[in-house]
Amino acid sequence: MSVVAVLAAAGSAVCFAVASALEQSAVKREQPSRPLDLRLIARLVRQPRWLLGWLPEAVGTGLQALALNLAPLALVEPILVSGLFLAIPLAAILNRLRVHVRDFGVVALGGAGLVTFLLAAQPRGGIPQPSLVSWIGVALWLGPAWAGCLLVAWRVAGPLRGALLGVATGLLFAVGASLLKTLSSKLATDPLSVFTTPQLYVLAVVGGCGIVLNQNAFQGGRIAVPLAAITIVDPFASVLIGVTAFDEQISTGWPQVGVEVFAVLAMAGGIWLAATSRADSRRQSPAPHARTQPEQAG
């Protein structure tokens with residue numbers, strides 16, 4: 001176990017918690033918007049609190065990359081999940097709402113499922129550059145799942161909408177991380193060649209959509225709802241993409257498979273509990289000149 005990796009992961013968890021709380025409290029001041037509505041971002045860039053949230057976001061991303069470079073996903077991810085326990089009270093303070101014990105339970109259940117899955121699966125190996133056929137294989141299962149989340153989220157509101165958009169965001173973040181992985185070797189040897197690589201431009205589109213959906217997700221329910229979904233789905237989908245496209249191996253013997261199935265059910269249960277939680281009965285006090293919000297505050 002690398003001490004530097006643990007410290008970097010812990011620092012990343014704190015940074016992501018602060019960033020998420022700042023961004024969510026700013027997003028809550030805006031009227032609910034449709035998924036992938038760029039006008040939401042256009043309004044948010046005029047909010048200093050939202051822009052401030054990107055400073056710890058950038059630092060957290062750098063620390064996460066350092067941690068993953070020094071230690072396996074199974075060690076780093078549990079530490080990152082712990083940041084959710086900080087994000088919940090921070091968001092409650094910024095939104096002037098009380099903390100719900102249920103939110104900690106949701107995070108604990110989903111996080112425990114994710115940690116158990118990673119420890120049992122032990123993803124390893126793989127190739128640096130998947131083939132086009134492999135990427136098509138990823139699209140065949142990830143595309144319908146992502147589109148299904150958006151279609152249902154389009155018709156619902158509240159925590160269920162936040163959870164569905166959180167799942168969709170996590171899927172995009174996983175794709176983005178996988179695309180970045182294919183570019184990392186070229187960045188180290190021939191940086192200029194990256195600009196002639198199609199993955200770079202796909203990454204730009206996927207990353208942009210992920211940012212917009214992330215903010216959309218923050219509008220549905222308390223912060224634990226979308227953030228738990230994003231934090232659980234992102235690494236889980238990354239493992240699936242690794243198996244599908246990068247020829248990575250996971251443990252398939254007994255009792256590992258049984259543990260993995262149980263862990264997936266726990267992750268799904270955590271997201272389901274988040275999606276079925278009730279919205280806060282108190283409304284957030286609008287800031288001066290802020291838009292009023294017809295939804296209940298989360």
Side-chain angles (χ1 to χ4, degrees), residues 1-2 5-6 8-10 12-13 16 64 67-85 87-88 101-127 130 134 137-138 140-142 144-146 148-149 163-164 166-175 177-178 181 224-277:
M1 179 184 297
S2 170
V6 171
S12 178
F16 284 147
Q64 181 186 21
L68 289 172
N69 188 51
L70 297 174
L73 185 67
L75 170 64
V76 175
E77 200 59 43
I79 301 175
L80 294 179
V81 171
S82 67
L84 294 178
F85 293 98
I88 292 171
V101 177
R102 177 191 175 104
D103 292 343
F104 291 107
V106 165
V107 170
L109 176 60
L114 174 62
V115 172
T116 302
F117 175 81
L118 292 175
L119 291 175
Q122 289 293 320
R124 57 200 177 276
I127 58 176
S134 297
V138 171
L140 288 176
W141 65 263
L142 190 145
W146 183 76
C149 288
L164 288 168
V167 171
T169 302
L171 290 174
L172 287 184
F173 284 172
V175 173
S178 300
K181 183 177 180 179
V225 177
L227 205 54
I230 294 170
T231 306
I232 292 169
V233 171
D234 182 0
F236 177 66
S238 295
V239 172
L240 296 183
I241 293 174
V243 172
T244 308
F246 290 84
D247 292 338
E248 293 182 358
Q249 304 295 315
I250 61 174
S251 300
T252 56
W254 182 259
Q256 287 91 340
V257 171
V259 174
E260 289 164 14
V261 172
F262 177 80
V264 170
L265 292 176
M267 287 187 282
I271 296 174
W272 173 253
L273 288 176
T276 55
S277 64

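For the pair T169/P226, no side-chain contact is recorded, criterion being any heavy-atom separation below 4.5 Å from C-beta on.
Pairs engaging residues 246-263 under the side-chain hydrogen bond (donor to acceptor under 3.5 Å, both in side chains) rule: K181-E248 [sequence neighbours left out].
Summarising the geometry of A245 relative to P130, their closest heavy-atom pair is O-CB, 3.2 Å, with the distance given to 0.1 Å. Taking both residues in full, the closest heavy atoms of G113 and A266 are given as CA-CB, 3.8 Å, listed atom of the first, atom of the second, then distance. Counting all heavy atoms, side chain and backbone alike, G137 lies closest to T244 at C-CG2, 3.9 Å. Taking every heavy atom of both residues into account, G111 and V81 meet most closely at CA-CG1, 3.8 Å. A163 and A275 make their closest contact through CB-CB, 3.5 Å (heavy atoms, listed as atom of the first residue, atom of the second, distance). In this structure, V76 and A67 approach most closely via the heavy-atom pair CG2-O, 3.6 Å.
Note: T231 OG1 to F16 CZ = 9.5 Å, rounded to the nearest 0.5 Å. To the nearest 0.5 Å, atom CZ of residue F117 and atom CD of residue Q122 are 11.0 Å apart. Going from atom CZ of F236 over to atom CD1 of I241 covers 11.0 Å, rounded to the nearest 0.5 Å. In this structure, CD1 in I230 is found 10.0 Å from CG in L172, a value given to the nearest 0.5 Å. The CG atom of L84 sits 8.0 Å away from the CD1 atom of I232 when rounded to the nearest 0.5 Å.
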Taking it one step at a time, do I271 and V233 satisfy side chain to side chain contact (heavy atoms under 4.5 Å, CB included)? CA-CA 9 Å; I271 296 174; V233 171; 3.9 Å; yes

Checking side chain to side chain contact (heavy atoms under 4.5 Å, CB included) for the pair W146/V175: CA distance, chi angles, key distance, verdict? CA-CA 11 Å; W146 183 76; V175 173; over 6 Å; no

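Not one N or O on the side chain of S12 forms a donor-acceptor pair closer than 3.5 Å with the backbone of A8.
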What donor-acceptor contacts under 3.5 angstrom involve side-chain atoms of residues 102-110, with partners at least two apart or in another chain?
from, atom 1, to, atom 2, distance (Å)
R102, NH2, L273, O, 2.8
R102, NH2, T276, OG1, 3.4
D103, OD1, R222, NE, 3.4
D103, OD1, R222, NH2, 3.1
D103, OD2, R222, NE, 2.8

